[in-house]
Amino acid sequence: MKVNAKTKENIKMFYEQIETFLTTVTYGSISAAAKYLYVSQSTVSSRLQQLENELGVQLLIRNKGHRRVELTNYGHSFIPIASQWASLWKDTQHLKDIENIQTLTIASVDAVNNYTFVSFFKKFMSTHPNVRLNIRTHHSSEIYSLVEDRIADIGFVFSRINYPDVVSKPIYRELMYLICSKNSPYHNNMNCSELPTEKEVLLNWGLDYKSWHDLHFNPSCHPALIINTGSMLQRYIQDDSWGVAPMSVINGAMRSNPNLTFFTLTTPPPPRICYIIRNPYPNVNNLKLIEEFEQELTSFISADENICSFESWMLNS
């Protein structure tokens with residue numbers, strides 16, 4: 001509904017009356033309020049009288065000879081109402097100055113946020129200046145809850161959990177490799193039986209990985225170190241220690257630590273599947289943005305050989 005000029009002027013006048021009332025209460029006198037507002041005392045008095053007439057109640061007790069103003073019961077009760085009204089008025093005046101910014105909240109596991117999608121997130125932000133990405137790192141079970149509660153718009157996880165208000169689909173898979181120091185005795189086509197468990201830097205990549213690990217390594221043997229994020233691998237792989245990781249994590253680790261390398265395994269773990277999850281009833285205001293994000297992500301995955309150099313795998317999901 002379009003507001004005409006007369007209505008706008010009446011609203012502005014009412015705001016001036018409210019502002020004058022609050023200023024008078026704050027500074028304790030009509031003369032002090034007049035100085036603060038850069039108007040005459042008669043203007044302050046006139047605005048206060050007009051406000052009382054509008055409300056139909058007396059707000060101030062006017063005693064001759066008293067410099068400080070006194071409030072009636074109506075006046076005391078009106079202070080919080082006037083404060084809220086003035087605050088809302090100021091907000092409406094600045095509304096047109098607020099940028100049209102949309103926030104997309106993404107909850108992902110460590111490997112996605114720190115390695116796989118770093119370049120995509122950067123590119124998306126540069127091509128969408130009015131979008132703010134709120135990127136959060138959590139474990140898969142936490143991410144499902146955040147998406148279900150609509151705290152996160154999109155989630156990236158490596159395990160499928162049945163949640164009634166979450167839909168998931170696989171978006172890429174990665175092969176797993178042996179990661180080690182260049183000074184280590186390891187090589188391509190490494191047999192798991194040749195890998196000393198006591199030198200392992202163990203990161204549990206999920207249920208499929210745990211099943212593979214239990215099959216090929218003695219569960220009673222203790223690894224050298226247990227970690228819980230891919231970003232920790234680059235710090236603890238040294239000499240003849242070793243670990244297993246997907247290529248995106250290995251590439252990131254090797255960029256940070258040039259002394260690292262990777263090799264194939266004769267019986268590698270199952271490929272790591274990444275799922276994108278969404279609430280089937282997302283925030284309506286972000287629906288178009290979410291769809292656009294997914295489309296651009298699909299293009300990014302198809303073009304990045306480090307993530308998906310084997311497109312046919314996607315047909316098997």
Side-chain angles (χ1 to χ4, degrees), residues 1-3 8 87-140 142-158 165-174 229-231 234 246-256 272-309 311 314:
M1 182 179 69
K2 193 171 182 179
V3 180
K8 287 183 179 179
S87 177
L88 290 172
W89 165 260
K90 290 177 182 177
D91 287 345
T92 59
Q93 296 309 295
H94 293 295
L95 186 62
K96 62 179 179 295
D97 299 325
I98 298 175
E99 290 185 90
N100 183 24
I101 300 295
Q102 282 184 276
T103 298
L104 193 66
T105 300
I106 300 166
S108 309
V109 292
D110 171 75
V112 170
N113 285 344
N114 283 309
Y115 297 106
T116 318
F117 287 165
V118 171
S119 58
F120 170 71
F121 290 154
K122 289 180 178 179
K123 180 181 178 182
F124 191 85
M125 288 187 292
S126 67
T127 56
H128 298 76
N130 290 333
V131 176
R132 298 292 180 265
L133 294 183
N134 178 11
I135 302 172
R136 306 166 64 165
T137 300
H138 297 274
H139 293 295
S140 291
E142 298 171 318
I143 295 169
Y144 274 93
S145 295
L146 292 171
V147 171
E148 183 180 44
D149 295 336
R150 296 191 186 88
I151 297 172
D153 298 295
I154 292 173
F156 294 105
V157 297
F158 286 101
D165 291 323
V166 175
V167 292
S168 65
K169 67 177 180 180
I171 54 170
Y172 73 83
R173 296 205 253 184
E174 288 188 282
T229 65
S231 55
Q234 66 199 46
M247 184 51 67
S248 60
V249 172
I250 291 174
N251 281 334
M254 291 192 303
R255 282 194 294 270
S256 300
R272 201 168 188 228
I273 305 172
C274 181
Y275 300 90
I276 185 171
I277 63 174
R278 283 176 46 179
N279 191 299
Y281 307 103
N283 184 330
V284 176
N285 295 327
N286 278 356
L287 184 57
K288 185 177 179 181
L289 178 61
I290 292 171
E291 293 173 349
E292 189 174 350
F293 179 91
E294 285 195 44
Q295 291 171 1
E296 295 188 23
L297 177 61
T298 300
S299 299
F300 171 81
I301 291 171
S302 299
D304 193 321
E305 61 180 17
N306 291 324
I307 300 175
C308 195
S309 58
E311 296 290 339
M314 303 301 295

Can you tell me how far apart [atom1] ([X]) and [atom2] ([Y]) are? Round to the nearest 0.5 Å.
X	Y	atom1	atom2	answer
Ile135	Asn114	CD1	CG	10.0 Å
Asn286	Arg150	CG	CZ	12.0 Å
Met247	Glu174	CE	CD	8.5 Å
Asp149	Tyr144	CG	OH	14.5 Å
Ile301	Phe120	CD1	CZ	8.0 Å

If you compare all heavy atoms of [X] against all heavy atoms of [Y], which two are closest, and at what distance to 0.1 Å?
X	Y	result
Ile277	Ser168	CG2-CB, 3.4 Å
Phe158	Ser140	N-OG, 3.6 Å
Asp110	Gly230	OD2-N, 3.1 Å
Ile101	Pro129	CD1-O, 4.4 Å
Gly252	Gln234	O-OE1, 4.2 Å
Gly155	Val147	N-CG2, 3.9 Å

Checklist entry - Between Ile290 and Leu104, is a side chain to side chain contact (heavy atoms under 4.5 Å, CB included) present by the stated rule, with each step listed? => result CA-CA 8 Å; Ile290 292 171; Leu104 193 66; 3.7 Å; yes
Item to check | Check against ring-ring contact (aromatic ring centres under 6.0 Å, His included), Phe124 and Phe117 | outcome: CA-CA 10 Å; Phe124 191 85; Phe117 287 165; over 10 Å; no
Checklist entry - Partners of Lys123 by salt bridge (charged side-chain N to carboxylate O under 4.0 Å, His left out), sequence neighbours excluded? => result none
Checklist entry - Under the salt bridge (charged side-chain N to carboxylate O under 4.0 Å, His left out) test, which residues partner Glu294, sequence neighbours left out? => result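 Checked Glu294 against salt bridge (charged side-chain N to carboxylate O under 4.0 Å, His left out); matches are Lys169, Arg278.
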Checklist entry - Is a donor on one side and an acceptor on the other found under 3.5 Å between the side chain of Asp153 and the backbone of Pro282? => result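 The answer is no, because no donor-acceptor pair under 3.5 Å joins these two groups.
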Item to check | Expected output: side-chain Asp165 to main-chain Asn279 donor-acceptor under 3.5 Å | outcome: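 A pair under 3.5 Å: no.
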Checklist entry - Which is it for Phe156 and Leu297 under the side chain to side chain contact (heavy atoms under 4.5 Å, CB included) test, yes or no, and what are the steps along the way? => result CA-CA 12 Å; Phe156 294 105; Leu297 177 61; 3.5 Å; yes
Residues two or more places apart in sequence or in another chain: which of them pass side chain to side chain donor-acceptor pair (under 3.5 Å) with [X]?
X	result
Glu142	none
Asn113	Ser108, Thr137
His128	Glu292, Glu296

Next on the checklist: Is the shortest side-chain heavy-atom distance between Asn251 and Tyr115 below 4.5 Å?
Outcome noted: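 Sidechains of Tyr115 and Asn251: no contact.
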Item to check | Flag side-chain contact, heavy atom, 4.5 Å: Thr116 against Cys274 | outcome: no
Checklist entry - With sequence neighbours excluded, what pairs up with Arg136 under the side-chain contact (heavy atoms from CB on, under 4.5 Å) test? => result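 So Arg136 forms a side-chain contact (heavy atoms from CB on, under 4.5 Å) with Thr105, Asn134, His138, Leu146, Ile151.
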Next on the checklist: For a ring-ring contact (aromatic ring centres under 6.0 Å, His included) check, start with the C-alpha distance between Phe300 and Phe121, then their side-chain angles and the critical distance, and finish with the verdict.
Outcome noted: CA-CA 10 Å; Phe300 171 81; Phe121 290 154; 8.8 Å; no
